[in-house]
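Beneath this line is the structure, given in C-alpha cells, with notes to follow.
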Amino acid sequence: APRQVEAALRTTEARARLADRTLRARDEQLALVIEGSQSGLWDCQPLSGDIECNERWAQMLGYQLAELLPLRLVDLEFRAGERAIVRGIT
C-alpha cells in the first residue's frame with residue numbers, strides 16, 4: 001500500500017506540474033494576442049470592486065493608465081450609448 005500511495009503522489013505531482021506549464025504557456029499566448037491586437041482590456045472583481053485594465057483601455061477612454069490606477073468599479077459611470085466616464089479624473 002505505501003508504494004501505491006507513493007506512485008499516486010508522484011503521478012499527481014507530475015500532472016500538477018504539467019497543468020502549471022500549460023497554464024503559463026496559455027497566459028503567455030493570451031498576452032501576445034492582446035498586445036498584438038492592441039485590444040483594450042479591463043476586468044472587474046465583483047466582490048471587491050477592483051478593476052484591472054491595460055494601457056490601451058485607458059487610452060480608449062482618453063487617459064493614461066497611471067491616471068486611472070488604482071481603479072474601482074465605483075469610479076466608473078456608464079451611460080447608454082456613450083463611453084465610460086471616470087469620476088474624479090480631469
Side-chain angles (χ1 to χ4, degrees):
R3 287 184 181 164
Q4 290 174 330
V5 171
E6 289 176 19
L9 183 58
R10 282 193 300 275
T11 300
T12 301
E13 289 172 342
R15 288 179 181 167
R17 284 191 300 273
L18 177 60
D20 186 56
R21 283 193 302 269
T22 301
L23 183 59
R24 274 192 254 139
R26 288 184 180 172
D27 283 348
E28 290 173 12
Q29 184 180 23
L30 178 59
L32 290 172
V33 167
I34 291 169
E35 182 180 335
S37 67
Q38 297 181 347
S39 295
L41 179 71
W42 69 282
D43 183 32
C44 179
Q45 303 300 319
L47 294 178
S48 67
D50 292 337
I51 295 177
E52 295 180 31
C53 58
N54 65 2
E55 183 71 42
R56 178 68 183 126
W57 185 79
Q59 290 171 350
M60 292 168 69
L61 297 179
Y63 301 101
Q64 296 297 315
L65 185 59
E67 294 177 278
L68 298 180
L69 299 179
L71 186 60
R72 298 186 40 88
L73 188 57
V74 297
D75 298 326
L76 297 181
E77 179 180 327
F78 294 94
R79 297 179 183 162
E82 296 182 22
R83 67 184 188 149
I85 305 298
V86 180
R87 297 183 192 137
I89 306 283
T90 56

Practice task
May I ask you to check whether over 12 heavy atoms, not counting those of Gln4, lie within 6.0 Å of atom CD?
Solution key: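 Open.
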
From [atom1] ([X]) to [atom2] ([Y]), nearest 0.5 Å:
{"X": "Thr12", "Y": "Arg17", "atom1": "OG1", "atom2": "CZ", "answer": "10.5 Å"}
{"X": "Glu35", "Y": "Arg56", "atom1": "CD", "atom2": "CZ", "answer": "13.0 Å"}
{"X": "Thr22", "Y": "Asp27", "atom1": "OG1", "atom2": "CG", "answer": "11.0 Å"}
{"X": "Asp20", "Y": "Arg15", "atom1": "CG", "atom2": "CZ", "answer": "16.0 Å"}

Handout entry: Closest non-hydrogen atom pair between Cys44 and Leu73, with its separation
Key = SG-CD2, 4.0 Å

Problem - Shortest non-hydrogen separation from Leu68 to Ala58 and the atoms involved - result: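 Scanning both residues completely, I find the closest heavy atoms to be CD1-CB, 3.5 Å.
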
Exercise for the section: Give the cluster check for Tyr63 versus Leu41: same hydrophobic cluster or not, with ILVMFWY residues linked at side-chain heavy-atom distances below 4.5 Å. Expected result: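 No, because Tyr63 and Leu41 fall into different hydrophobic clusters, even though each may have its own neighbours under 4.5 Å.
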
Exercise for the section: Using a 4.5 Å cut-off on heavy atoms from C-beta on, say whether the side chain of Leu18 contacts that of Arg21. Expected result: yes

Handout entry: Residues forming a salt bridge (charged side-chain N to carboxylate O under 4.0 Å, His left out) with Arg72, sequence neighbours excluded
Key =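 Scan of Arg72 (salt bridge (charged side-chain N to carboxylate O under 4.0 Å, His left out), adjacent residues dropped) gives Asp50.
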
Practice task
Hydrophobic side-chain clustering at under 4.5 Å (ILVMFWY, transitive links): who's grouped with Leu9? Put none if nobody.
Solution key: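 Grouped by the 4.5 Å side-chain rule, Leu9 forms a cluster of one, so the answer is none.
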
Exercise for the section: Under the side chain to side chain contact (heavy atoms under 4.5 Å, CB included) rule, what do Asn54 and Leu65 come out as? Steps first, then yes or no, please. Expected result: CA-CA 7 Å; Asn54 65 2; Leu65 185 59; 5.8 Å; no

